[in-house]
There are 2 protein chains.
Amino acid sequence: MPHDRDPTLTDDELDTWSAFATVLEWLPPALDAPLAAGFELTHFEYGLLYALADAPERTLRLSVLADYANSSLTRLSRAVSRLEARGWVRREPDPSDGRSTLAVLTLEGLTRFDDATPAHLATLQQVIFDPLTKAQQRQLTQISRRIATAIRQQPGWQPTANAPAPGRAGESSA
Amino acid sequence: MPHDRDPTLTDDELDTWSAFATVLEWLPPALDAPLAAGFELTHFEYGLLYALADAPERTLRLSVLADYANSSLTRLSRAVSRLEARGWVRREPDPSDGRSTLAVLTLEGLTRFDDATPAHLATLQQVIFDPLTKAQQRQLTQISRRIATAIRQQPGWQPTANAPAPGRAGESSA
DNA sequence: CGCATTTACTTGCTCAGTCAAGTTAAAGCT
DNA sequence: AGCTTTAACTTGACTGAGCAAGTAAATGCG
């Protein structure tokens with residue numbers, strides 16, 4: 001298996017990584033800035049509103065929402081609290097499971113989402129789709145999928161939750 | 001100018017964005033985790049050591065280092081303080097300009113960098129280069145450059161520093 | 001040469017995110 | 001039915017980053 005080669009990057013690889021790393025560093029703030037400036041939303045929070053706006057009854061269980069948002073439950077819980085404080089989301093107990101909590105998008109939240117959407121889509125067009133050819137766009141899809149798959153296969157990869165490293169389950173002291 | 005089209009994503013665009021957004025969310029932690037676990041370094045801090053290790057005298061002015069690292073001066077200043085506290089970097093006054101500060105990589109810092117490098121390169125291979133074909137790698141370089149360029153052209157883009165929005169310079173009250 | 005400006009940082013405040021440790025509810029086992 | 005596990009969050013302590021304001025040195029210019 002030709003896996004762990006010489007631990008060096010070729011010149012080509014270095015070019016690739018340096019360009020890509022710059023995007024990794026700059027793109028998140030570039031996506032956040034317009035939403036923050038105009039709508040008091042981070043890109044992450046916008047993503048939550050997006051998921052809820054699309055969901056039946058504009059309602060999702062927190063754990064499902066965390067999954068959609070590629071987020072830890074902790075991060076989600078705090079984000080929902082912020083959105084709740086602004087009146088854009090409401091928490092409700094899940095009637096079918098007392099452990100779960102439902103997040104419901106309020107009308108104000110939906111309005112805010114609708115207001116923010118054009119600006120956000122414009123940003124995406126400007127920084128992602130306009131600068132790429134159709135072919136490059138397709139390439140980016142494939143490349144992203146492959147990288148995402150590789151990340152999921154990393155040693156200690158936790159899909160989204162804070163899996164408490166099960167240790168050896170069922171090995172109680174007895 | 002066919003610029004601000006209908007504010008919607010096509011299905012293709014949605015596919016692209018959803019795949020790419022996942023990478024944007026997952027890759028940074030995937031790069032950080034091994035460095036943090038094994039070497040008490042974030043990926044960002046590793047980048048600083050990398051830049052210093054390559055520099056003449058293993059020394060760079062903070063502002064230059066900030067530039068290399070795509071970082072604000074604030075972020076850099078704090079990061080250097082952390083590395084200094086661990087004994088991996090030293091601050092020195094710049095003899096040629098009293099305002100500047102030099103960051104010098106210590107021997108311990110260099111050692112730490114050398115120790116961490118193989119693990120980090122292995123991570124890069126695993127999550128970026130192994131999963132891509134040579135062609136895709138070239139495509140990623142081009143795509144990244146184009147996106148980075150587009151970001152730089154965004155309305156309020158600050159290259160790296162915290163440019164205090166000059167307003168109208170030279171327009172004092174007088 | 002003296003004073004206003006600009007440059008190069010540094011630091012206080014605040015906020016978002018993580019990890020670890022709780023809490024409450026459902027499931028599983030016997 | 002009772003007791004241990006597991007699941008679904010929530011919260012406290014801590015860390016890293018951003019913005020705004022502050023400091024100190026150099027520069028510009030009249």
Side-chain angles (χ1 to χ4, degrees), chain A residues 25 28-29 32-33 36-37 40-45 48 60-67 69-86 91-103 156 158 160-174, chain B residues 25 28-29 32-33 36-37 40-45 48 60-67 69-86 91-103 156 158 160-174:
Chain A
E25 209 44 76
D32 272 325
E40 208 183 341
L41 280 173
T42 62
H43 179 241
F44 178 73
E45 289 162 351
L48 302 181
L60 287 173
R61 290 183 49 195
L62 290 196
S63 46
V64 172
L65 186 51
D67 208 50
N70 287 327
S71 158
S72 71
L73 212 38
T74 297
R75 184 183 181 188
L76 179 74
S77 177
R78 302 210 194 264
V80 167
S81 297
R82 291 193 300 269
L83 295 172
E84 209 173 13
R86 290 168 202 165
R91 266 184 244 244
E92 275 182 22
D94 182 343
S96 75
D97 185 335
R99 294 165 302 178
S100 305
T101 305
L102 302 176
Q158 85 280 40
T160 199
N162 11 8
R168 279 141 297 145
E171 188 192 283
S172 55
S173 60
Chain B
E25 211 40 80
D32 271 325
E40 207 183 343
L41 279 173
T42 62
H43 180 241
F44 178 72
E45 289 162 352
L48 301 182
L60 288 173
R61 290 183 49 197
L62 291 196
S63 45
V64 172
L65 186 51
D67 208 51
N70 287 327
S71 158
S72 70
L73 213 39
T74 297
R75 186 182 182 190
L76 179 75
S77 176
R78 301 203 197 270
V80 167
S81 297
R82 291 193 300 270
L83 295 172
E84 208 174 13
R86 289 168 203 165
R91 266 184 245 244
E92 274 182 21
D94 182 342
S96 75
D97 185 333
R99 294 167 300 180
S100 305
T101 305
L102 303 175
Q158 83 281 42
T160 200
N162 9 7
R168 282 143 292 147
E171 188 192 283
S172 54
S173 60

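Each chain gets a letter, A, B and so on, in the order the sequences are listed, and its residues count up from 1.
At whole-Å resolution of the value, NE2 in A:His43 and C1' in D:dA17 are 19 Å apart. Across the protein-nucleic acid pair, B:Arg91 atom CZ and C:dC9 atom P stand 10 Å apart, rounded to whole Å. The separation between A:Leu73 atom CG and C:dT18 atom P is 11 Å, rounded to whole Å. The interatomic distance linking A:Asp97 (CG) with C:dT24 (P) rounds to 16 Å, in whole Å. Rounded to a whole Å, the CG atom of A:Leu65 is 13 Å from the C1' atom of D:dC9. The nearest whole Å value for the distance from the CZ atom in A:Arg61 to the C1' atom in C:dA25 is 12 Å. Note: CG (A:Asp32) to C1' (C:dC15) measures 13 Å, nearest angstrom. Here D:dA24 presents its P atom at 18 Å from CG of B:Leu62, a figure rounded to the nearest Å.
Among the atoms of the strands shown, none is found under 4.0 Å from any heavy atom of B:Asp94.
Comparing C:dA8, D:dC19, C:dC19 by their closest approach to the side chain of B:Thr74 singles out D:dC19. Of the listed nucleotides (C:dT10, D:dA24, C:dA16), D:dA24 has the atom at the smallest distance from the side chain of B:Arg99. Considering only side-chain atoms of A:Ser72, the nucleotide from C:dT18, C:dG17, C:dA8 that sits closest is C:dT18.
A donor-acceptor pair is defined here as one N or O able to donate and one able to accept, closer than 3.5 Å; such a pair exists between the side chain of B:Asp32 and the backbone of B:His43.
For B:Thr101, a side-chain nitrogen or oxygen approaches OP1 or OP2 of C:dC9 to under 4.0 Å. Taking side-chain N and O atoms only, A:Ser100 has no distance below 4.0 Å to OP1 or OP2 of D:dA8. Between B:Ser63 and the phosphate of C:dC9, there is a side-chain N or O to OP1/OP2 separation shorter than 4.0 Å.
Looking at A:Leu102 and A:Pro95, their side chains come closer than 4.5 Å, going by heavy atoms from C-beta outward. B:Ser72 has its side chain out of reach of B:Arg78: every pair of non-hydrogen atoms, C-beta onward, lies at least 4.5 Å apart. Contact check for A:Ser81 versus A:Arg91: side-chain heavy atoms found under the 4.5 Å cut-off.
Each of A:Arg75 and A:Gly98 was matched to the nucleotide of DNA chain C holding its nearest heavy atom; the match closer to the 5' end belongs to A:Arg75. When the nearest nucleotides of DNA chain D are assigned to A:Ser77 and B:Ser96 by heavy-atom distance, the more 5′-ward of the two goes with A:Ser77.
Taking the side-chain contact (heavy atoms from CB on, under 4.5 Å) definition, one finds that A:Arg99 meets it with A:Asp97, sequence neighbours left out.
The base of C:dT18 lies close enough to the side chain of A:Arg78 for a donor and an acceptor atom to sit less than 3.5 Å apart.
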